[in-house]
Participant: 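One structure is given below, represented as structure tokens, and several questions about it will come after.
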Amino acid sequence: MSALEGDPTQLGTGTEHDSHIAFSQASSSHHVDVAQAEEQFHALSRQLTVRSEIGQSNSKLSESTAAGNDIEKGDAGEQGERFDLQEYLTSSNDANQRAGIKHKNVGIIWEDLQVEVAGGMDSKFYIPNIGGMLPIFFFLGPFFWLWSLISKALPRKKGGVTRTILHKSSGVLKPGEMCLVLGCPGAGCTTFLKTISNQREGYAKISGDVLYAGITAEEMAKYYKGEVVYNQEDDIHLATLTVAQTLAFALSTKTPGPNGRLPGVSRKEFDAEVSDTLLRMLNISHTKQTLVGDEFVRGVSGGERKRVSIAEMMATRARVQCWDNSTRGLDASTALDFTKCLRVMTDVLGQTTFVSLGASLILVTIRYQAGESIYELFDKVLVLDKGHQVFYGPPSEARAYFENLGFQSLPRQSTADYLTGCTDPNERRFAEGKSMFDTPSTPEAMDAAFNMSTYARQNEDDLDKYKLHMQTEKTDQEAFRAAVIADKKKGVSKKSPYTLGFTGQVKALTARQFQQKVQDRFQLFTSYILSTILALVIGAAFFNQPRTSAGAFTRGSIVFASLLTICLDAFGEMPMQMLGRPILRKQTSYSMYRPSAIAVANTLADIPVSAVRVLIFNIIVYFMSGLFRSGAAFWTFHIFSYLAYLVMQGFFRTFGLLCFNFDAAFRLAVFFIPNFVEYTGYVIPVIKMKRYVFWIVQLLQSAAKRLLIIHEAWQSCMENEFMRIILTCDGSSVVPRNLGGLNLYPNNVGSNQACTLFGAGPGQNSISGTDYIAAGYGLDPKDIWRRNFPILIGFFIAFQLTQIAALEFYPQYGLNLSFNIFAKETEETKRLNAKLREKKEGKVEEIDLKKQTMDKEKRKTFTWENLNYHVPSPSGPLRLLHDVQGYVKPGTLTALMGASGAGKTTCLDVLAQRKNIGVVTGDVLVDGRPLSSDFARGTAYVFISSHSMLTFNTGTATVREAMRFSAYLRQPASVSQEEKDQYVEEMIELLELQDLSEALVFSLGMEARKRLTIGVELASKPELLLFLDEPTSGLDAQSAWNLVRFLRKLADQGQAILCTIHQPSSLLFESFDRLLLLERGGETVYFGDIGQDSHIIREYFARNGASCPPNVNPAEYMLEAIGAGVTPRVGNRDWKDIWMDSPEFKRVKEELAEIKREALSRPQTESTLSSTYATPFWYQLKIVVQRNNMAIWRSPDYVFSRLFVASLISFFISLSFLQLGNSIRELQFRVFGIFWVVVLPALVMSQIEPVFIMNRQSSSRIYSPYVFAIGQLLGEIPYSIVCGLLYWVLMIYPMGFGQGSAGSNGNGFQLLVILFMLLFGVSLGQMVAALSPSVQVAVLFNPFIALVLSTFCGVTIPYPTMNGFWRSWLYQLDPYTRTLAAMVSTELHGLVLKCKSDEFAIFDPPAGQNCSSWGQPFVNVAGGYIDNLMATAQCRYCQYAVGDQFFVPLNISFSHRWRDAFIIFAFFVFNLIITTIASRFLRYHKR
């Protein structure tokens, strides 16, 4: 592609190329004949015609680019001119050669390639559980984590038990050749492709040589990583980007530099040209401005998303491309078009292409079958069996080779099916007179037979010759190296594997990340709204603080609260680092950018968004609260606030990048957060810390440049504020003073009175703010710019560097298992598994379904008429289905087919009542009557996706447990558990999951996960209708045939089945009774019978001008006939119009009317089970709670994190307040120690929310959402109790609680309150999660809730000084108010207090009076005591004599403590109620 290629070319003219062709022809008789290839490509390219013809000259290239930019203006241009792919590639290729752009011909040889994984042949990896792992985690977890980081930098020891999954394989693939890799599931196709594409992580050992144009795999990975790429089966994209934006980003990182483009073609023109070409070539131009989407974000269809993945990889312009199951989700016509595109690109551009149409593509005759038309496009075919290479050679001779071995082909079996069938013991058939005893039938025997064949010798000869050619003729290698260098942008190192330099990568990533943030409107608006509301609340709470002693402490509270709010807002960055790992893995493997570039880009992209949000927050808080109003003061405050946010953002992101999962990152964060808050200098001033704690702080400061990040920002903001103001001493700061009717003392501070404010002298009425912070906090305003600012800048840079280092040297890409993880067997499962193995080995008779079916007469007919579906779009309502008609009768198997994007899955979703957005019109009836409340219960829906298993089961469930869970809850309660268990065993046998029955869901491969999805639905035994969306996707041919045969049996016994299907073979196509065929726009093309040998549908199309040739699969032909791919439709009329005018359409209308008439004539039978769910509420709750308990039991990391948080916080707080005495300061420390209890819910919420959202059942309908909500809570209660006990033990006894009147009984009461608070935190987190659409949004609420509740609980703002408005309602509604009231009153009631020498307020009585006569009247009213009543000077006044004098003025009563405790419990119950209601009525899974 010039544009697609950008570099040179590979086939056009030139001596170099001619010599290459000559060598190819000489060395391999099996290579595609050049003349024949040219003839084929002319024919193929004529079919790939949809858009404007691209000119051959440079000027025409620019013109076509400009035209491409106007593509959205209308459809005229789309159909008026024709786009010839082969002509376009050839002409642009010739232009590249004339411009002197080097070519990149890369041939590959692999010799004795062998891959091994950890574990012996019979070894299994077992999931740890709490019982076995908790003690290890608790005591050694931190050390294991540190060792995991250190060990990555150490050389790894060789050894350990391994097993071979890919045995010695050798071969050669020359430039311009395509290889098809075939094999059953587990054959090693994916392993082979990943190894060839140099993706070697996850394997224990890889031996043998792989050479790319003579370049070793090591050198290729280091310098040319982006030239060898692998396209995985799953489609992983950023869901909130459009298709155009996704391609634009890929191109922005891979566009060649000026030396790699045609002269005069700008980078912008080049990108537009390539993007437009790819979109047109794959027939997805109409999706340009549509979101890519995923399972949770509505976007393009599954087939279109697959084509976006294809386009993204093509945009890399890699020379060696490995496609794994690349046509999954594509209809037969589109799959063929895609393979033709690869064929044309490979021959014209000289690419080397490996394609695994996968186990699924070849072996499953129902979906991704490689028909003969696809199979014949390849130059080589590689057949694998259990990792053994059993054939490698020309596709045209492969069938004959296996027939000569003794294998028989089945009637109308495609070559690809036949080849893979020969490796399947269940599918293969031996020729007459042959058997398994005289025919190579094991992988080892077939491997040995191939090595003795002429094909192996020819392969060895080709390999030796091409290897010699690589060693002696360096032309291709040198040209390849030169072309790669020419592609690079200016300034990019010649040794760099990237086309774009680091700054260019950062620029492209910054633009993409910013687009992603801006287009996620809900999250963006939510963050701004919550931040603004919180600012208004804090500003109103501290409204217009006076410059008096009453406003001194609260000014510090304002600074602390605002900084804490801003910094904790960055906590949400930690889980975000986990969510982007799959896309990071894919795009860095494409060599689009360095992993570290995303760290810098994230910061730059976030600055415009966060800077505005923090500025709005600071403006509101600063000016509403009455801080010093000047420009310099405000901007200084804002600079330090925002700088603190950026530092904490980098801090949390670093943890998110370093740690494998959220639990590990959360533990690390919790280790630091309490220290940041506790030792900021506000809660405990540094000069007041215990000496050993003080030295710890000093050590940290000297060792790590003051690790207390918030301390520097808080210190600067405090100094900035107080250095500008003068405080007046008045009110409660004057001792003694007039109150309670007294009139003995001066109204202003006199010479015989004292001001208790820090920094005040005897009789001093005004205190400098500088003196106040110097005396109270040890702060010096001179440190703002000379020390604090550089330290914060240093922290910001340091955390940017730690992110870069984490991504470069310790990348965490998430779980990418190459093995299964199992649960240990119980006695029951041992017995069941042994029985399954016996059946498998003995080939026990097939499953008998008769006993489980019911008469067809008792079943009902499902009909739909004039079905329309519209969804909202930026340009107005978009119609996806239009007047669709049809029915499914009992005992019939109906196929739903159409082009990719025609609306097949949409139609299935609408019929199954799974859509929760858009407008559905038309009639969907059961026996002529509207759907009843038990419709969902009577149906089953098999929805295939990479996340579909999470719809029903946690990832820690085993295969058997997952299927039992579905059977228990979805089969009627009247069916015994033994019958349900037996049915599950039969499903495991049917789906050939015997060896994986104890494997955990999250460790299953794609193919096994799809089979399990089907099993989970079939386990429900639906009475009315079974919906299946591509059920055979990912299955081998025998499994697919078994499944369809099983569906056929179900239908024959009376089950009604509707099933979408892709790429069925003609044999499987005939297994269906009827077909509903859709074209783009959701238009009906055909609905009716298929007939034996598909004669009915073939006759229909032939009668209307589209005759299917006898040797062509009718399922593929009819899609081509209606123009499903890029091939023009057959005929001049639209097939939807032909259908509307056909007699078949009229018969369908008549049949629908007759079905309704007959059904309505029969009396409606009252269903004995008309409830929505099959089982009672309490039974559902029992099963769900059991599942949740098992999931948590198998998640020791999660449980350990919860225990770690509770124990660590309590331990660190107790460390600061060990064995508190009865001084005034220690009284305050007791209160601060208790205050940390209200911090627990915020931390618990952060752990609970991701778990709840991942487990949320958005559309399963198999049990009540009330059960889900209650079950989630019940599963957490036991661990909350353990956490509460740990916290209580580590708080009560180290701090020395229980010295008041309540004594040890009071300590027991404290335990009750702590337990209530933990339950409140769990229920609050689940409530927020239930109300939130995603984890990203849920974490935004946490700082808001935590700050509001902690601000108005009566500690941050004491009750007497709180604004009357807040005090009248929010203070009363705050659950933390009750927590602190109950715990403080219990701890301080009757506690006798004694001031230390530095805690007394010192004043002198007037001449002639002693301390008693002058101060005792004040003491009698205010409380406290005078330590030296008879003294005539230096009277020592202590503010409190007993603890009650502290808490009674704060509106706290000891007599109300039990009431307060159960008010907390009432809040817990309230949260549970809201959670259950939200779970019932809120549906965030948009489908």
Participant: I'd like to know if Arg879 pairs up with Glu1083 as an ion pair, taking the criterion as any Lys NZ or Arg NE/NH1/NH2 lying under 4.0 Å from an Asp or Glu carboxylate oxygen.
Facilitator: yes
Participant: With rounding to the nearest 0.5 Å, note down the distance linking CZ in Arg280 to CG in Leu282.
Facilitator: 11.5 Å
Participant: Show, in sequence, the C-alpha distance, side-chain angles and deciding distance for Asn866 and Gln885, and conclude whether the side-chain contact (heavy atoms from CB on, under 4.5 Å) test is met.
Facilitator: CA-CA 6 Å; Asn866 302 320; Gln885 328 267 349; 2.7 Å; yes
Participant: Hey, is the main chain of Asp883 close enough, under 3.5 Å, to the side chain of Asn868 for a donor-acceptor pair?
Facilitator: yes
Participant: With the side chain counted from C-beta on, respond yes when Tyr1086 and Met1118 share a heavy-atom pair under 4.5 Å apart, and no when they do not.
Facilitator: no
Participant: Is any side-chain heavy atom of Thr1084 less than 4.5 Å from a side-chain heavy atom of Lys1136?
Facilitator: no
Participant: Using a 3.5 Å distance criterion without hydrogens, assess whether the side chain of Asn602 forms a donor-acceptor pair with backbone atoms of Ile598.
Facilitator: yes
Participant: Which atom names give the shortest non-hydrogen contact between Leu524 and Lys517, and what distance separates them?
Facilitator: CB-O, 4.1 Å
Participant: Is the shortest heavy-atom distance from the side chain of Gln523 to the side chain of Ser1334 under 4.5 Å?
Facilitator: no
Participant: So, applying side chain to side chain donor-acceptor pair (under 3.5 Å) with Gln245, which one of Gln289, Lys288, Gln519, Gln516 is it?
Facilitator: Gln519
Participant: Nearest 0.5 Å please: distance from the OH atom of Tyr590 over to the OH atom of Tyr230.
Facilitator: 9.5 Å
Participant: Taking Lys586 first and then Glu312, would you say they form a salt bridge - that is, a charged N and a carboxylate O separated by under 4.0 Å?
Facilitator: yes
Participant: Which is it for Thr287 and Arg307 under the side-chain contact (heavy atoms from CB on, under 4.5 Å) test, yes or no, and what are the steps along the way?
Facilitator: CA-CA 11 Å; Thr287 68; Arg307 282 178 276 173; over 6 Å; no
Participant: Any sub-3.5 Å donor-acceptor pair from Thr1060's side-chain atoms to Glu1030's backbone N or O?
Facilitator: yes
Participant: OH of Tyr528: more than 12 outside heavy atoms within 6.0 angstrom?
Facilitator: yes
Participant: Rounded to the nearest 0.5 Å, how far does CH2 of Trp323 lie from CE of Met314?
Facilitator: 4.5 Å
Participant: If you define the side chain from C-beta out and look only at heavy atoms, does anything of Thr316 sit under 4.5 Å from Ser591?
Facilitator: no
Participant: If you look at every heavy atom in Val1085 and Trp1135, which pair is closest and at what distance?
Facilitator: CG1-CB, 3.7 Å
Participant: Given side-chain contact (heavy atoms from CB on, under 4.5 Å), test Ile284 with Val300 step by step and report yes or no.
Facilitator: CA-CA 10 Å; Ile284 51 173; Val300 297; over 6 Å; no
Participant: Return the minimal non-hydrogen interatomic distance between Cys907 and Val884, and the atom names on each side.
Facilitator: SG-CG1, 4.4 Å
Participant: For the atom pair CZ (Arg1080) and CD1 (Ile1122), what is the distance rounded to the nearest 0.5 Å?
Facilitator: 8.5 Å
Participant: Okay, side chain of Lys904, backbone of Gly898: is any donor-acceptor separation there less than 3.5 Å?
Facilitator: yes
Participant: Would you name the heavy atoms of Leu247 and Ser275 that are closest together and state the gap between them?
Facilitator: CD1-OG, 4.1 Å
Participant: Between Arg512 and Tyr593, is there a side-chain heavy-atom distance shorter than 4.5 Å?
Facilitator: yes
Participant: For Ile1253 and Ala1329, work out which heavy atoms get closest and say how close.
Facilitator: CG1-CB, 3.8 Å
Participant: Hey, what do you get for CG (Leu500) to CD (Gln505), rounding to the nearest 0.5 Å?
Facilitator: 5.5 Å
Participant: Which is it for Asp235 and Val308 under the side-chain contact (heavy atoms from CB on, under 4.5 Å) test, yes or no, and what are the steps along the way?
Facilitator: CA-CA 8 Å; Asp235 300 316; Val308 173; over 6 Å; no
Participant: What I'd like to find out is whether the side chain of Met592 reaches to under 4.5 Å of the side chain of Ser252, using heavy atoms alone.
Facilitator: no
Participant: For residues Pro595 and Tyr498, report the shortest heavy-atom separation together with the two atoms involved.
Facilitator: CD-OH, 4.1 Å
Participant: Have Tyr941 and Asp1029 got a donor and an acceptor in their side chains that come within less than 3.5 Å?
Facilitator: no
Participant: When you compare the side chain of Val243 with that of Leu279, does any pair of heavy atoms fall below 4.5 Å?
Facilitator: yes
Participant: Out of curiosity, Thr246 OG1 to Leu251 CG, how far, rounded to the nearest 0.5 Å?
Facilitator: 11.0 Å
Participant: Is the shortest side-chain heavy-atom distance between Phe514 and Val609 below 4.5 Å?
Facilitator: yes
